[in-house]
Amino acid sequence: MAHDAFDPRFRTLIDEHAPVRQLGSGFSFVEGPIWHPTEHHLLFSDMPGDVRRRWDKGGVREVERPSRKGNGMTYDADLNLLVCEHATSSVVRIDRQGNRTVLASHFEGRELNSPNDLVVHSSGAIYFSDPWYGRMPGFGVERPRALGFQGVYRIPPVGGAPQLLVDRFMFGQPNGLCFCPGEDRLYVNDTDQANIRVFQVEKDGSLSNPRVFASGIKDSLKPGVPDGMKCDREGNIWVTGPGGVWVYSQDGRHIGKVSVPELVANLHWGGPDWHTLFLAASTSLYAVETKIGPRHEPFMNQQRHNAPSRQTTMAPSSGLDLNASRCALIIQDMQNDVVMEGGAFASSGAPAHCREQNAIANLARLAEACRARDVPVIHVWFVVEPGAPGLTLNAPLFEGVVDSKAVVRGTWGAEPVPGLQPHPGDHVVTKMRMSAWEGTSLETILKATGRDIVIVAGAWTNMSIEHTARTGADKGYVMIVPEDCCATMNADWHRASIDYALKNVAAVTSSTSVAAAIGHSVADVAP
């Protein structure tokens, strides 16, 4: 079944002919899929059947019956399961021992309608929608409504009564909701109104500035409505709709549709690399492979225990194991003035050592391998304005920048070396210090994309690379240094840094090992 691309951007997210695989069928009406990041299985709900099921490589099996007509599910940062229960009109937490705690069940003394979907903010706050589908026959327990409206709520990080976040009569049936990658916007769809609204998330967790992000999500000839909704790591919105899953770019343009044989109620990414999109669709569970993964959610941090030790030296055959969804690649200071003949620092020996290391070609191949696995590539450049205003002359390196009139914005010397220019989708960060962290937006990008394993390479090994690795380790990041992608003034300085200082703050390895560890071969990429 071919998918529909209405905009070229859709083809960067999924192959138009990616097969939709059926993983199980014969259910009543499935909902709420959620992937466990360490046990690698999928839980999903079957509301009319009043059962919760699990899928893994061994197939489908029941894990709880009755399930109190559970619907939307997710995990909190501690991997406690959070469930919207239709039968009890509650949001509940189920810990790893199976103990159940009610987090929200009433608003202003009256029972909630039937919490439907939920998402966890990095602060620990829980946002949930409250339509009244759970008071209808089959999907819940038929009974009168206690509230006269359908709202969207927030449970504070410390717990307590749910806080109503929207006008009481804004929504007909609020349903799926998701944050953007930076968590400064919350999207909420409305099944009755066939639209998606977006809100600004304020520092106190409240919502403001509502506007309609997308409308007209309906088709009189095809079944399907706005229901489940997720955001990918680039900020595109994936929402259920007629014929499958509709995809919207950040600017609200409908760029494509994933076609599914049955009406889709909800979706969630999972799999070892988070590139499998699981689809809860009426009587069946489906899966399709995508080129992109989800926005980072707090529960995904639980894979942290699989990270390599910072104090281990990784040889090419060492079996380095990295999760691509947690990695980012920094290409640092690979600029003409720094490592090219004719550059301001050419007399230092840097161009010759860069050639000896084959650092440019090795790094270009590694960058392509990272892009193929959706690992963000971040270019960090040392750039000053003419005359270097604001650059403190507290070190010989900075004095050399001024004396040599090096890396001046707009000049050849500040430009990236041939072969390492930014590609569409890459990030560019500028700095005026040795460390890539100091006074830059680097950490903002890493947090927004949910990355805590940082691969750092470029120039110069014993200065910028070492400073960046040290600071990253202090900040709690896992630092990886592929030494054949690094260069400095000469081999002695390079080895001194690699063999001593960097071993204490990073996993020192090779570009081949890193590419293999994220599931891609550099041999597949031309230099």
How about [X] and [Y]: do any of their side-chain heavy atoms sit closer than 4.5 Å?
| X | Y | result |
| --- | --- | --- |
| N113 | Q150 | yes |
| F149 | F107 | yes |
| M73 | C84 | no |
| D273 | N323 | no |
| R52 | D46 | no |
| I455 | I330 | no |
| E64 | R68 | yes |
| Y187 | M229 | yes |

Would you confirm whether the ring centroid of H121 sits within less than 6.0 angstrom of the ring centroid of F179?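 Under 6.0 Å, so yes.
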Does [X] use its side chain to pair, donor to acceptor, with the backbone of [Y] at less than 3.5 Å?
| X | Y | value |
| --- | --- | --- |
| T12 | R9 | yes |
| D50 | P66 | no |
| D232 | P294 | no |
| R197 | N189 | no |
| R93 | T101 | no |
| S89 | P115 | no |
| T74 | L81 | no |
| S259 | H3 | no |
| T290 | I292 | yes |
| D78 | N80 | no |

For residues [X] and [Y], report the shortest heavy-atom separation together with the two atoms involved.
| X | Y | value |
| --- | --- | --- |
| V166 | V152 | CG2-N, 3.7 Å |
| A287 | T276 | CB-CG2, 3.8 Å |
| V375 | L329 | CG1-N, 4.0 Å |
| A515 | A369 | CB-CB, 4.0 Å |
| C180 | C231 | CA-SG, 3.9 Å |
| H17 | D15 | N-OD1, 2.8 Å |

Considering only NZ, NE, NH1 and NH2 on the basic side and carboxylate oxygens on the acidic side, decide whether D56 and R54 come within less than 4.0 Å.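 Answer for the salt bridge query: yes.
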Under 4.0 Å between a Lys/Arg side-chain N and an Asp/Glu carboxylate O for R295 and E234?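 No.
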If only side-chain N and O atoms count, and only distance matters, is there a donor-acceptor pair under 3.5 Å linking [Y] with [X]?
| X | Y | answer |
| --- | --- | --- |
| T191 | N175 | yes |
| Q200 | S208 | no |
| Q22 | S284 | yes |
| N195 | Q193 | yes |

Enumerate the ring pair (Phe, Tyr, Trp, His ring centres under 6.0 Å) contacts for residues 51-71, please, sequence neighbours excluded, ordered by first and then second residue.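 Found W55-F278.
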Taking it one step at a time, do E85 and S90 satisfy side-chain hydrogen bond (donor to acceptor under 3.5 Å, both in side chains)? CA-CA 5 Å; E85 293 182 348; S90 302; 5.1 Å; no
Begin with the C-alpha distance, continue with both residues' side-chain angles, and end with the deciding distance and a verdict on ring-ring contact (aromatic ring centres under 6.0 Å, His included) for F6 and W246. CA-CA 11 Å; F6 308 136; W246 293 24; 7.9 Å; no
F139 and H86: ring-ring contact (aromatic ring centres under 6.0 Å, His included), yes or no, with the steps? CA-CA 7 Å; F139 295 104; H86 277 190; 7.8 Å; no
Taking side-chain hydrogen bond (donor to acceptor under 3.5 Å, both in side chains) as the criterion, tell me which of K447, H296, R326 meets it with D452.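 Running side-chain hydrogen bond (donor to acceptor under 3.5 Å, both in side chains) over K447, H296, R326 with D452 returns exactly one hit, R326.
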Using 30° and 60° as the class boundaries, would you call the ring planes of Y75 and H36 parallel, tilted or perpendicular?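 The rings of Y75 and H36 stand perpendicular, inter-plane angle above 60°.
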Geometric class of the F10/W238 ring pair [parallel <30°, tilted 30-60°, perpendicular >60°]: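 W238 vs F10 ring planes: tilted.
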Pi-cation contact, F199 with R211 (under 6.0 Å, within 45°):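 No, cation not above the ring by the 6.0 Å, 45° rule.
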